[in-house]
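Structure record follows, encoded as structure tokens.
Numbered from 1 within each chain, the chains take letters A, B, ... in sequence-line order.
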2 protein chains.
Amino acid sequence: MSQNKRSEKSEPQSKQNLRLWLRLLKASRIIETQLREKLRQEFASTMPRFDVLAALYRFEKGLKMSELSNVLMVSNGNVTGIVDRLVKDGLVLRVPVAGDRRALLVRLTAKGREDFAVQANAHESWVDDMLSEFASKGGAEFSDQLDELTKSLEERI
Amino acid sequence: MSQNKRSEKSEPQSKQNLRLWLRLLKASRIIETQLREKLRQEFASTMPRFDVLAALYRFEKGLKMSELSNVLMVSNGNVTGIVDRLVKDGLVLRVPVAGDRRALLVRLTAKGREDFAVQANAHESWVDDMLSEFASKGGAEFSDQLDELTKSLEERI
DNA sequence: GAGATAATATTTAGGCTTGAAATATTTATG
DNA sequence: CATAAATATTTCAAGCCTAAATATTATCTC
């Protein structure tokens, strides 16, 4: 029971916030759906795979499984399966960590690095195609507001 | 025109658009994750279930399976499973459509309607709690921009 | 009407996701 | 040293999600 009793008739603020969230979700889903379809069609891949490769591309020395799941903000068990499949496809390696036999470092293979570079270029241009029209009219400000929103959300945790 | 707002190197537009998308995705994920956790903890339910109930609550006469999947922007086969479970839990009914033996109308039961009303109130206040701080500083404009973004995205399809 | 095409819903196969429990290893404590 | 606590990862069960295949019913065209 929150201290805000929004059930009063003349209190549209919570409705406005709800609408804001629904709009955010809708825009996000449209973009995500299109990107997922592109990844599937062009590279026979998926968003989660792309996200893992992106993280490993950025951290060249590799990431431990737990670090990977932190960076991606997904559960531990989730990453295991995705990495399993990437290993099977030769894009990623599990390397033992010296001095800690519990941990494994996940790293891109040469092929993984090459493949991702191509995919990342395509991905960037897909996003650009989707957003360029909107962004030409105040996209920078909007982007900054999104950043503020995220910060405001993270403060609450 | 704030095209060269960044550094002297003038980052390409596509990078800015990519950042916009990543910020949108991040904000969306934070909210979604928190809502999902709340639904699970408070009502032993999930987002997809909530979404289905919300759609059926809005369309009192019920929706065909295909209409439901259109409204929710998810695949046909997906809805089948969710509705199966909602039927099993007594929140939803499948009703034959007179004159078309292919189609089924999905409708809330009395219990479904009652349960959802409670959940929707809670959901609205969760969202309000998350967004009220941010929304107090220009949230209305931001919301309108989100709406424009969605329209711009939908024009491209 | 007959046959083709479209609409509707389900099933299937494969992958994604979570939280909880299980396993293995390391570190801290008595 | 022994044992408990903490850390790292995997496994598991359940549900979510998609695209493709299937089955049934409706509609269209000739």
Side-chain angles (χ1 to χ4, degrees), chain A residues 25 28-30 32-53 62-89 91-106, chain B residues 25 28-30 32-53 62-89 91-106:
Chain A
L25 182 59
S28 182
R29 280 207 183 151
I30 292 173
E32 206 170 346
T33 298
Q34 291 184 30
L35 290 179
R36 191 167 42 227
E37 193 173 344
K38 281 285 195 183
L39 278 175
R40 191 180 60 83
Q41 289 175 343
E42 311 274 333
F43 300 117
S45 191
T46 65
M47 282 280 271
R49 287 167 62 101
F50 183 85
D51 291 344
V52 167
L53 295 179
L63 289 170
K64 290 194 289 187
M65 291 296 285
S66 50
E67 292 171 336
L68 199 44
S69 64
N70 276 334
V71 169
L72 301 176
M73 299 199 295
V74 299
S75 68
N76 243 340
N78 184 1
V79 177
T80 297
I82 298 168
V83 168
D84 281 350
R85 284 178 282 274
L86 290 173
V87 167
K88 215 176 65 177
D89 293 348
L91 304 178
V92 143
L93 277 180
R94 279 190 177 97
V95 187
V97 174
D100 191 344
R101 284 185 297 173
R102 295 168 304 180
L104 293 168
L105 216 53
V106 186
Chain B
L25 181 60
S28 182
R29 280 209 183 150
I30 292 173
E32 206 171 344
T33 299
Q34 291 185 29
L35 291 178
R36 190 167 46 227
E37 191 173 345
K38 282 285 195 181
L39 278 174
R40 190 180 60 85
Q41 288 176 345
E42 311 274 331
F43 300 117
S45 191
T46 65
M47 282 280 270
R49 288 168 62 102
F50 182 85
D51 290 344
V52 166
L53 295 179
L63 288 170
K64 290 195 288 186
M65 292 295 286
S66 51
E67 291 171 336
L68 199 45
S69 64
N70 276 333
V71 169
L72 302 176
M73 299 198 296
V74 298
S75 69
N76 242 338
N78 184 4
V79 176
T80 298
I82 298 168
V83 168
D84 282 351
R85 286 179 281 274
L86 290 173
V87 167
K88 215 176 66 177
D89 293 348
L91 304 178
V92 142
L93 278 179
R94 279 190 177 95
V95 187
V97 173
D100 190 344
R101 285 187 295 172
R102 294 170 304 180
L104 292 168
L105 217 54
V106 186

Please give, in whole Å, the distance from [N] [atom2] to [X] [atom1]?
{"X": "B/Glu32", "N": "D/dC16", "atom1": "CD", "atom2": "P", "answer": "13 Å"}
{"X": "A/Lys88", "N": "C/dG14", "atom1": "NZ", "atom2": "C1'", "answer": "10 Å"}
{"X": "B/Asp89", "N": "D/dA14", "atom1": "CG", "atom2": "P", "answer": "14 Å"}
{"X": "B/Leu68", "N": "C/dA7", "atom1": "CG", "atom2": "P", "answer": "19 Å"}
{"X": "A/Arg101", "N": "C/dT23", "atom1": "CZ", "atom2": "C1'", "answer": "14 Å"}
{"X": "B/Met73", "N": "D/dT18", "atom1": "CE", "atom2": "C1'", "answer": "15 Å"}

Please determine whether side chain to side chain contact (heavy atoms under 4.5 Å, CB included) holds for the pair B/Asp51 and B/Val71, giving the CA-CA distance in whole Å, both sets of side-chain angles, and the decisive distance to 0.1 Å. CA-CA 10 Å; B/Asp51 290 344; B/Val71 169; over 6 Å; no

[X] versus [Y], closest heavy-atom pair with distance:
{"X": "B/Val74", "Y": "B/Val79", "answer": "CG2-CG2, 3.7 Å"}
{"X": "A/Ser66", "Y": "A/Asn76", "answer": "CA-OD1, 3.9 Å"}
{"X": "B/Ser69", "Y": "B/Ser75", "answer": "CB-O, 3.8 Å"}
{"X": "A/Val83", "Y": "A/Leu68", "answer": "CG2-CD2, 4.0 Å"}

List for me each residue that meets salt bridge (Lys or Arg N to Asp or Glu O under 4.0 Å) alongside B/Arg94, sequence neighbours excluded, and say none if there are none.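 Result, salt bridge (Lys or Arg N to Asp or Glu O under 4.0 Å) vs B/Arg94: B/Asp84.
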
Decide, yes or no, whether a salt bridge links A/Asp100 with A/Lys64 under the criterion of side-chain N to carboxylate O below 4.0 Å. no

Take A/Asn70 and A/Glu67 through the test side chain to side chain contact (heavy atoms under 4.5 Å, CB included) and record every step on the way to the result. CA-CA 5 Å; A/Asn70 276 334; A/Glu67 292 171 336; 5.5 Å; no

In residues 35-51 of chain B, which ones come under 4.0 Å of DNA chain C, going by heavy atoms? B/Arg40

Summary of protein contacts for nucleotides 8-13 of chain D, nucleotide by nucleotide, where a base hit scores B, a sugar-phosphate-only hit scores S (4.0 Å, heavy atoms): SBBB--

